Amino acid sequence: MSEYNKPLPNINGDSREFWTGCREHELRFQKCKACGHVRWPPSIICPMCYSKETQWIVAGGKGKIYTFVVYHVAYHPGFEKDLPYVVADVELEEGPRLLTNIVGCWPDEVKCEMLVEVTWEDITEEFSLPKFRPYW
Amino acid sequence: MGLKDKYAIVGIGYTPQGRVPDRTSLSFHLEACVNAIADAGLRREDIDGLICYRFFPPASNEGPVTPYLVAQHLGLSPTYLSQDANCSRSHIQHAVGVLEAGLCNYVLLSYGHNAFSSDSMRRMLMERNTDDAVFGHFGAVAGYSLAAQRAMHTFRTGPETWKHIAVGQRKWANLNPVATMYDRPMTFEDYYNARWIVEPFRLFDTCLMTDGGRAIVITSAERACDLKHPPVLIMGVGQHDPSNDVHQATHLAGPTGAKKASEMALKMAGITLKEIDACEIYDCFTYTVEITLQDYGFFGPGEGEEWFRDGKIEPGGRMPVNTSGGQLSEGYYMGLTPLSEAAMQLMGRCGERQLGQTTNTKSPEIILCSDNGGILQTHSCIVLRRS
């Protein structure tokens, strides 16, 4: 797994639990203990009710494509060999929408509202990325 | 409402634009500001407010263009100085606000960038600050493409609609000798033949990267009367900032901030869309023009293709849009591309592209302008009129 030449996640006090979960192939999100809102990106306070009381839940990994694009230009050299590749905003069953890649199908097969499920890409010792593929 | 017609745009400053190598971003700010001050018939001592649009990560051989630096090189020590950091487009509101509060008399708004010839934009894309880059997601083209794709899913739109915007604006640029694309006509075929950048956007759906600067001067309608040009009065302003980033936004396919912002601005102006003679719309991408005009209420969701058809927005059309060529075909100066063009049109200084008899269009009394930032996260609407 040497030679990984794409950007790596930023770890900070808000994002650590999410990326630790990813390493263990779990999609972890914050659920507000007061109002039940599942939020993303992670933050200290629920944007709906301003409560700080939070629990981490594990999402089931299924969702649908809210929107997507097909990159035909690599803005970073690490992505050149992937062209054309799909970046999508996936709406999980639990509510949050996650920016990710769609893999396991051709770019021209991707559609809004398509059902997708998580598939893990272990990129380094520390990091795994949640990507999504169609399921039927 | 109290602000209607109280303040005016009185001077516009241009610089060489397009590909202008070996110029710093600072140099474009300075040239635009000096030209705007002179255009208004003012002197440096008159300027007591300076508001700069954001700077992008500077070229590797240049420092950040702060408002201090611009003021220093213009020999100004203003009583109001500001700069936005992340494209939140409240510049006109700031200017009108400090004038109304009596803190300033003459405010300069400025933008300058060597986007085309320097490595600044590349540095911005590489200087990632979110985890989007982990998935290969960079920059505004892809952000607006995500919005446009959702719109294509939600209502009838896509390249068939956007081609009218790209080609229509190019026709205006072909009448504007200083436009970057002045001598480059474009057909629908050219539009479709252009390469994909980030699908659904092709090359001509995206705005230009411009070397250049632009500035305007704003003062009270009262003071404006003593100056060189007929003042262009600010009839109404409105803003709405949905703020949510593209991941969580529910406004990608509209209503964007444009809806509330225009309702506020038109209410302040005391007019309806029927009284609008032309539009100068912030056009980072073709889709931005469509969703803005749709949210303003010119047509319903999915009716854009029909509305734009038959040259509606072109020279000779019934609703001219982006008459300098806009950011798609003239040059990119954030909100100052639309605002400066609206002011020039209302002053009657646009030569071959002048609205009215010259271009077989309505003689402009009132022009509707927009500014927009982030990925449709902020929207400002400004109604201007001839004095």
Side-chain angles (χ1 to χ4, degrees), chain A residues 4 6-12 14-15 18-19 22 39-42 47 64-91 95-103 107-108 110-114 121 123 127-132, chain B residues 119 121-155 157-159 194-203 205-206 209 242-254 285 287 291 375-376:
Chain A
Y4 186 77
K6 293 171 180 167
L8 292 171
N10 296 298
I11 302 301
N12 58 42
D14 290 335
S15 72
F18 177 80
W19 289 111
C22 286
R39 67 180 180 264
W40 175 259
K64 58 187 181 180
I65 295 176
Y66 185 79
T67 187
F68 70 97
V69 295
V70 184
Y71 274 71
H72 292 267
V73 170
Y75 293 100
H76 182 289
F79 293 92
E80 268 166 23
K81 63 177 180 3
D82 297 344
L83 294 175
Y85 66 91
V86 177
V87 167
D89 195 18
V90 167
E91 184 172 4
R97 282 175 23 209
L98 195 63
L99 193 91
T100 181
N101 297 124
I102 302 301
V103 295
D108 61 5
V110 178
K111 301 271 180 287
C112 288
E113 304 297 321
M114 183 184 249
E121 191 176 314
I123 55 169
F127 292 111
S128 295
L129 302 185
K131 300 196 170 182
F132 285 75
Chain B
D119 61 358
M121 293 311 275
R122 176 155 292 272
R123 284 163 68 91
M124 179 177 83
L125 291 169
M126 301 302 282
E127 198 181 87
R128 70 191 186 93
N129 48 24
T130 74
D131 288 340
D132 291 359
V134 171
F135 298 98
H137 185 59
F138 301 90
V141 183
Y144 279 84
S145 286
L146 283 167
Q149 184 81 253
R150 183 67 193 175
M152 287 168 70
H153 171 75
T154 309
F155 56 84
T157 184
R195 64 193 166 92
W196 292 113
I197 306 296
V198 178
E199 210 176 322
F201 286 160
R202 292 176 169 86
L203 180 64
D205 289 307
T206 70
M209 291 210 293
S243 299
N244 278 3
D245 71 19
V246 74
H247 313 140
Q248 307 309 316
T250 51
H251 61 264
L252 301 178
F285 302 99
Y287 170 66
I291 195 65
I375 309 297
L376 299 169

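Since the structure is predicted, the reported quantities are computational estimates derived from the model, not experimental observations. Residue numbers start from 1 in every chain, and the chains themselves are labelled A, B, ... in the order their sequence lines are given, proteins ahead of strands. The figures that follow rest on heavy atoms only: side chains count, while hydrogens, waters and symmetry mates do not.
For A:Trp19, the part sitting under 4.5 Å from any heavy atom of chain B is the side chain, from C-beta outward, and nothing else. Interface remark: B:Thr250 contributes backbone and side-chain atoms alike to the contact with chain A (heavy atom separation under 4.5 Å). Contact of A:Phe79 with chain B is made through the side chain alone, with heavy-atom distances under 4.5 Å.
Within the 4.5 Å cutoff, side-chain heavy atoms of A:Leu99 are placed close to those of B:Leu146. B:Val134 has its side chain out of reach of A:Phe127: every pair of non-hydrogen atoms, C-beta onward, lies at least 4.5 Å apart.
Side-chain contact of A:Tyr66 with B:His153: a donor-acceptor pair under 3.5 Å is absent, judged by distance alone.
Residue A:Val69 comes nearest to B:Pro200 through the heavy atom pair CG1-CD, 4.4 Å, listed as atom of the first residue, atom of the second, then distance. Of all heavy-atom pairs spanning A:Arg97 and B:Gln248, the tightest one is O-NE2, 2.7 Å. Nearest heavy atoms, A:Tyr85 versus B:Gly136: OH-O, 2.6 Å. Residues B:Arg150 and A:Thr67 approach most closely at N-OG1, 3.2 Å, considering heavy atoms. Pairing each heavy atom of B:Ala133 with each of A:Pro7, the nearest pair is O-CG, 3.6 Å.
In this pair, A:His76 and B:Phe138 present their aromatic rings parallel. The plane angle is below 30°, not in the 30 to 60° band.
Residues meeting the ring-ring contact (aromatic ring centres under 6.0 Å, His included) test with B:Tyr287, sequence neighbours left out: none. With sequence neighbours excluded, no residue satisfies ring-ring contact (aromatic ring centres under 6.0 Å, His included) with A:Tyr75.
For the atom pair B:Asp131 CG and A:Asn12 CG, the distance stands at 8.0 Å (nearest 0.5 Å). Of the inter-residue distances, the one linking B:Phe135 atom CZ with A:Phe132 atom CZ reads 8.5 Å to the nearest 0.5 angstrom.
Your options are A:Lys131, A:Glu121, A:Glu113, A:Lys6, and the one with the most heavy-atom pairs under 4.5 Å with chain B is A:Glu113. Interface remark: of the candidates A:Asp82, A:Val86, A:Ile65, A:Asp89, A:Asp89 forms the most heavy-atom pairs closer than 4.5 Å to chain B.
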